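Each remark here refers to the structure printed beneath this line.
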Amino acid sequence: MIYNTKYQLFEQENLCSLLLPLGTLILEGMEASQQNAVGGGNKGRFKSICVFCGSRHGNRTSFSEAALDLGKKLVERKIDLVYGGGSVGLMGLISKTVFDGGCNVLGVIPTALLPSEISGETIGEVKTVADMHERKSEMAKNADAFIALPGGYGTMEELLEMVAWSQLGIHGKPVGILNVDGYYNDLLALFKKGVEEGFIEDSASQIVVSADNAEDLIRKMEERMGEKRMRETSKKRKRS
Ligand SMILES: C/C(=C\CNc1ncnc2c1ncn2[C@@H]1O[C@H](COP(=O)(O)O)[C@@H](O)[C@H]1O)CO
């Protein structure tokens with residue numbers, strides 16, 4: 001096991017030994033969480049969304065505006081926020097907006113990041129966890145869907161892990177990219193290249209939903225969830 005004392009990051013040498021118990025954990029959480037998601041028409045409605053975003057503001061004001069706008073859209077739809085805890089960067093903007101708007105905010109933060117000089121003041125409900133892996137599984141367990149705002153390595157890693165978990169069937173929740181000012185164009189192009197070059201299955205290219213504004217993104221993700229529910233219902237009907 002490789003251990004980094006600063007951020008309590010570690011890499012598991014044996015991926016399988018991590019993945020199997022983790023899969024069970026996430027599936028259990030997924031069932032509980034999906035029971036919380038209220039269905040409506042042919043759309044899925046989310047009770048809570050986990051947002052991954054930068055611990056910095058980035059260089060464009062549009063990034064901060066997008067974080068505030070996403071926060072407002074969550075409040076309008078009475079969707080609770082799950083996020084990485086703390087008040088630095090875009091994380092601080094969205095958590096404050098959702099909290100001030102009267103929705104629940106759950107911050108999941110590793111003990112190593114708890115000191116306020118690292119993560120700023122925490123907001124809403126705070127769950128402390130041992131490390132970054134536990135944080136991700138806890139965030140995944142408590143949310144019905146995932147959205148990535150612009151961010152750095154941390155955000156990208158969290159986003160890609162949720163995409164990979166979806167591909168492996170560890171969860172079946174929509175994963176959305178809020179492509180503010182084309183920030184994620186190159187990543188989306190890389191996903192496309194992965195399909196063209198035979199590394200990503202065509203069906204798996206459907207995992208990620210993207211839009212350049214929060215309103216469209218949430219609507220697309222709800223539609224995706226609704227389609228999935230309808231497929232599952234019709235499968236169940238065929239079986240019985
Ligand atoms: C090093 C910096 C801030 C450290 N404070 C953080 N507090 C809470 N969570 C953090 C922090 N830094 C990274 N994270 C996690 O990664 C994601 C954002 O990382 P990114 O690299 O900024 O995209 C975030 O979702 C957290 O889970 C000052 O940069």
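Indexing begins at 1, ligand by ligand and atom by atom, following the structure's order. Keep in mind that this is a model prediction, so the values were computed, not measured.
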Point to revise | Any Gly86 heavy atom less than 4.0 Å from ligand 1 | key: no
Practice item. Tell me, please, which residues at least two apart from Glu196 pass salt bridge (charged side-chain N to carboxylate O under 4.0 Å, His left out). Key: Lys192
Study note, to complete from the structure: Contact region, Leu113 to ligand 1, non-hydrogen atoms below 4.0 Å, reads side chain
Check your understanding: Are more than 12 heavy atoms from other residues, nucleotides or ligands located less than 6.0 Å from atom CD of Glu76?
Key -> yes
Point to revise | Distance-only N or O hit between ligand 1 and Phe52, under 3.5 Å | key: no
Can you give each donor-acceptor pair under 3.5 Å made by side-chain atoms of residues 49-73, sequence neighbours left out, with the distance rounded to 0.1 Å?
unit_1: Ser62; atom_1: OG; unit_2: Asp181; atom_2: OD2; d: 2.6
unit_1: Asp69; atom_1: OD1; unit_2: Lys73; atom_2: NZ; d: 2.9

Practice item. Give the single entry among His57, Met91, Arg135 that approaches atom 15 (C) of ligand 1 most closely by any heavy atom. Key: Arg135
**Study point:** Gly151: numbered ligand 1 atoms lying under 4.0 Å from its heavy atoms
**Key:** 23 (O)
Point to revise | Basic-acidic side-chain contact under 4.0 Å: Glu158, Lys136 | key: no
**Study point:** Distance, nearest 0.5 Å, that separates OH of Tyr184 from CG of Leu159
**Key:** 6.0 Å
Practice item. For atom 24 (C) of ligand 1, state which one of Cys53, Gly120, Cys50 supplies the nearest heavy atom. Key: Cys53
Point to revise | The one among Pro115, Gly54, Ser119, Gly85 that brings a heavy atom closest to atom 7 (N) of ligand 1 | key: Ser119
Practice item. Could you tell me whether Glu215 and Lys220 make a salt bridge, using a distance below 4.0 angstrom between a side-chain N and a carboxylate O? Key: no
Practice item. Under 4.0 Å, heavy atoms only, figure out whether ligand 1 is touched by the backbone of Met156, its side chain, both or neither. Key: neither
Check your understanding: Between Ile118 and ligand 1, does any nitrogen or oxygen pair lie at a separation below 3.5 Å?
Key -> yes
Review point. Between the side chain of Arg135 and the main-chain N/O of Val129, is any donor-acceptor distance below 3.5 Å?
Key: no
